[in-house]
Amino acid sequence: MSNLLSPQLVADCISELVSRNSLWANKNVFIYVIANEKAGCFTRKSRLVKYGKLFSDALNEIKTTPSITNKTETKLFYT
């Protein structure tokens, strides 16, 4: 994941994190992400970099952890 965010990258990251969390073990998980590309997080470069690094670091921490959900589906909706 790059250090810049897009709604799709945020949705993908959330999906990856949830699929490896023991809270959701052996469950079917459906994630709905509502994103406004004109909102501050996606329009301000400082926030893009800050939160992009946050998600990137989180994904690096779990990259060797296997998925434990039965199924994880993510749908992204734009406003």
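Numbers for residues simply follow the sequence, beginning at 1.
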- Query: Of the non-hydrogen atoms in L23 and N21, which two are nearest, and what is the gap between them?
  - Reply: N-OD1, 2.7 Å
- What's the spacing between S46 OG and Y51 OH if we round to 0.5 Å? 9.0 Å
Which pairs of donor and acceptor atoms, one on a side chain in residues 58-67, lie under 3.5 Å apart (sequence neighbours left out)?
| residue | atom | partner | partner atom | Å |
| --- | --- | --- | --- | --- |
| N60 | ND2 | S56 | O | 3.4 |
| S67 | OG | S19 | O | 3.4 |

- Report yes if the side chains of D12 and T74 come closer than 4.5 Å at any heavy-atom pair, otherwise no. no
- Note on the structure: Closest non-hydrogen atoms of T69 and W24, given as atom of the first, atom of the second and distance, are CG2-O, 3.3 Å
- Item | Distance in Å, F55 CZ paired with L9 CG, rounded so as to fall on 0.5 Å steps | 9.5 Å
- Item | Residue pairs passing the salt bridge (charged side-chain N to carboxylate O under 4.0 Å, His left out) test where at least one lies in residues 19-29, sequence neighbours excluded | E16-R20
- Rounded to the nearest 0.5 Å, what separation is found between the OG1 atom of T79 and the CG atom of N36? 3.5 Å
- Linking I/L/V/M/F/W/Y whenever any side-chain heavy atoms sit under 4.5 Å apart, do L17 and I68 land together? no
- Specify the closest pair of heavy atoms between S15 and T72, including all atoms of both residues, with the distance to one decimal. OG-CG2, 3.3 Å
- Could you pull out the closest heavy-atom pair between Y78 and Q8, with the gap in Å? OH-N, 4.4 Å
- Please answer: with hydrophobic residues joined when any side-chain heavy atoms are less than 4.5 Å apart, are V33 and L54 in the same cluster? yes
- Note on the structure: One should read off an interatomic distance between E73 CD and I31 CD1, to the nearest 0.5 angstrom, of 10.0 Å
